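Note that ligands are numbered from 1 as they come in the structure, with each ligand's atoms numbered from 1 the same way. On a predicted model such as this, the values are computed, not experimentally measured, just so you know.
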Amino acid sequence: MEDKNAELIEKILSLKQKRKAVILAHNYQVGEVQDIADFVGDSLGLSQKAAKTDAEVIVFCGVHFMAETASILCPDKTVLLPDMNAGCPMADMITAEKLREKKREFPNAAVVCYVNSTADVKAESDTCCTSANALKVVESIDAREILFIPDQYLGHYVSTKTNKKMILWPGFCRTHVKIQPQDITRLKLEHPQAKVIVHPECRPEVIALADEVLSTGGMIRFAHQTDAEEIIIGTEIGIIHRLKKENSSKKFIPASKRAVCPNMKLITLEKILWSLEDMAPEVKVPEEIRLKAKLAVDKMLEIGRG
Ligand code: 13P
Ligand code: SF4
């Protein structure tokens with residue numbers, strides 16, 4: 001197994017150089033994929049990296065909307081998604097057509113779109129945000145009414161921190177809803193000294209039990225800075241690999257072992273190699289949509305981290 005990986009890794013690294021490619025990986029990717037990436041991060045960090053890279057090819061180890069965002073920002077680069085089936089079910093809970101209908105219902109509302117959405121939906125939105133800057137984005141907008149799509153839980157969390165009127169879309173993450181408040185209360189009893197950090201895609205009852213509500217990038221930073229020796233992690237369990245690797249003296253406890261995103265796990269070393277060999281599957285956003293979507297994504301990048 002080790003030997004097989006060593007050979008695969010060598011082939012990936014040599015082909016990566018030949019193709020002038022960069023490998024970007026999300027914090028939920030399997031450990032061996034994170035370990036060969038040039039950069040591992042959250043959605044905001046990955047978009048920032050994609051926008052700045054001078055590589056000719058971006059191998060995106062994440063889900064489809066992340067590769068689309070890279071394509072929106074880098075139309076002249078080839079963006080590869082090693083498995084085209086790696087989607088985000090939450091992003092598919094809204095379409096551009098349904099959003100247009102809702103906009104007609106709330107003509108005065110500004111549309112803030114979580115980056116976990118398709119390029120078509122971004123093209124119909126005023127501003128994008130990620131979990132790292134959602135509140136800052138909402139607060140930066142002139143309008144009093146915000147139509148927040150598609151994550152109702154991130155939207156609800158922001159609504160508890162702002163005076164703006166938030167209209168929420170009923171989308172949610174199938175992975176994060178598997179974390180139950182009972183999981184947190186049980187783990188807090190077992191580890192009374194532990195800090196609890198959760199992702200804002202969690203249900204409000206889970207968020208209410210947390211010490212901090214953070215993007216995955218925020219969780220990585222928190223783990224480095226905290227004096228706590230035990231931390232309960234309320235997000236997809238792939239992040240535990242990086243947390244342990246970078247903080248060997250601390251203990252990380254997954255809030256629920258059920259919190260696995262099957263789409264994130266579709267990317268493997270083998271598929272990364274094949275994508276570099278075949279220069280496929282490629283994600284390319286049509287120019288007409290890209291130009292509109294880029295306006296919303298650029299605003300998100302201008303605002304930066306919250
Ligand atoms: P982050 O931007 O916090 O990494 O979250 C992305 C995501 O898909 C969470 O489910
Ligand atoms: Fe989408 Fe949830 Fe997977 Fe994130 S964890 S990519 S929101 S399904």
Side-chain angles (χ1 to χ4, degrees), residues 24-30 33-34 37 39-50 60-70 81 83-94 112-118 121 128-137 148-155 157-158 169-179 197-203 206-207 210 212-223 233-243 254-267 283 297 300-301 303-306:
L24 304 183
H26 187 264
N27 288 320
Y28 297 159
Q29 290 291 294
V30 294
V33 168
Q34 293 190 30
F39 176 79
V40 184
D42 64 6
S43 310
L44 184 62
L46 290 166
S47 308
Q48 289 167 332
K49 275 281 166 200
F60 215 113
C61 304
V63 290
H64 193 266
F65 77 81
M66 296 179 175
E68 265 192 344
T69 308
L81 179 63
D83 190 324
M84 219 32 156
N85 295 315
C88 168
M90 183 207 284
D92 297 330
M93 289 177 185
I94 186 166
V112 176
C113 154
Y114 189 25
V115 74
N116 298 38
S117 51
T118 62
V121 165
C128 259
C129 73
T130 76
S131 60
N133 65 5
L135 177 62
K136 200 167 166 193
V137 166
F148 191 93
I149 55 163
D151 186 10
Q152 61 179 306
Y153 295 131
L154 175 61
Y157 173 66
V158 172
W169 191 266
F172 64 93
C173 166
R174 286 190 191 144
T175 299
H176 283 82
V177 292
K178 291 192 176 134
I179 302 172
I197 61 177
V198 307
H199 197 275
E201 286 176 17
C202 289
R203 299 163 188 271
V206 169
I207 287 182
E212 301 283 344
V213 182
L214 298 165
S215 71
T216 63
M219 289 182 179
I220 299 288
R221 269 182 292 281
F222 177 90
I233 305 295
T235 194
E236 209 275 346
I237 59 171
I239 197 173
I240 306 269
H241 171 79
R242 182 167 172 203
L243 288 169
S256 169
K257 292 197 176 117
R258 289 199 188 106
V260 178
C261 175
N263 289 283
M264 285 281 180
K265 306 306 179 217
L266 287 175
I267 312 294
V283 172
V297 174
M300 167 185 99
L301 291 179
I303 286 172
R305 265 179 210 281

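The closest side-chain heavy-atom distance from N116 to E201 is below 4.5 Å.
Residue contact check for ligand 1: H176 places a non-hydrogen atom closer than 4.0 Å to it. Distances shorter than 4.0 angstrom occur between a heavy atom of H26 and an atom of ligand 1.
By the 3.5 Å distance cut-off applied to N or O atoms, S215 is not counted among the residues near ligand 1. Considering both main-chain and side-chain atoms, D42 never comes within under 3.5 Å of ligand 1 through any nitrogen or oxygen pair. Distances between N or O atoms of N27 and those of ligand 1 include no value under 3.5 Å. Below 3.5 Å of separation, one finds no N or O of T130 facing any N or O of ligand 1.
Between the side chains of Y28 and T235, at least one donor N or O lies within less than 3.5 Å of an accepting N or O. A donor-acceptor contact under 3.5 angstrom links the side chains of T216 and N27, judged on distance only.
Here is the list of ligand 2 atoms found below 4.0 Å of a heavy atom in E201: 2 (Fe), 7 (S). Residue H199 approaches ligand 1 through these ligand atoms, each under 4.0 Å from one of its heavy atoms: 1 (P), 3 (O), 5 (O), 9 (C). The ligand atoms of ligand 2 that sit less than 4.0 angstrom from a heavy atom of P89 are 8 (S). Proximity to Y28 (heavy-atom distance under 4.0 Å) selects the following atoms of ligand 2: 5 (S).
When distances to atom 1 (Fe) of ligand 2 are checked against a cut-off of 2.8 Å, C173 contributes no N, O or S atom below that limit.
In terms of protein heavy atoms, atom 1 (Fe) of ligand 2 is closest to C88 SG, 2.4 Å. Looking only at protein heavy atoms, the nearest one to atom 9 (C) of ligand 1 is E201 OE2, 3.1 Å.
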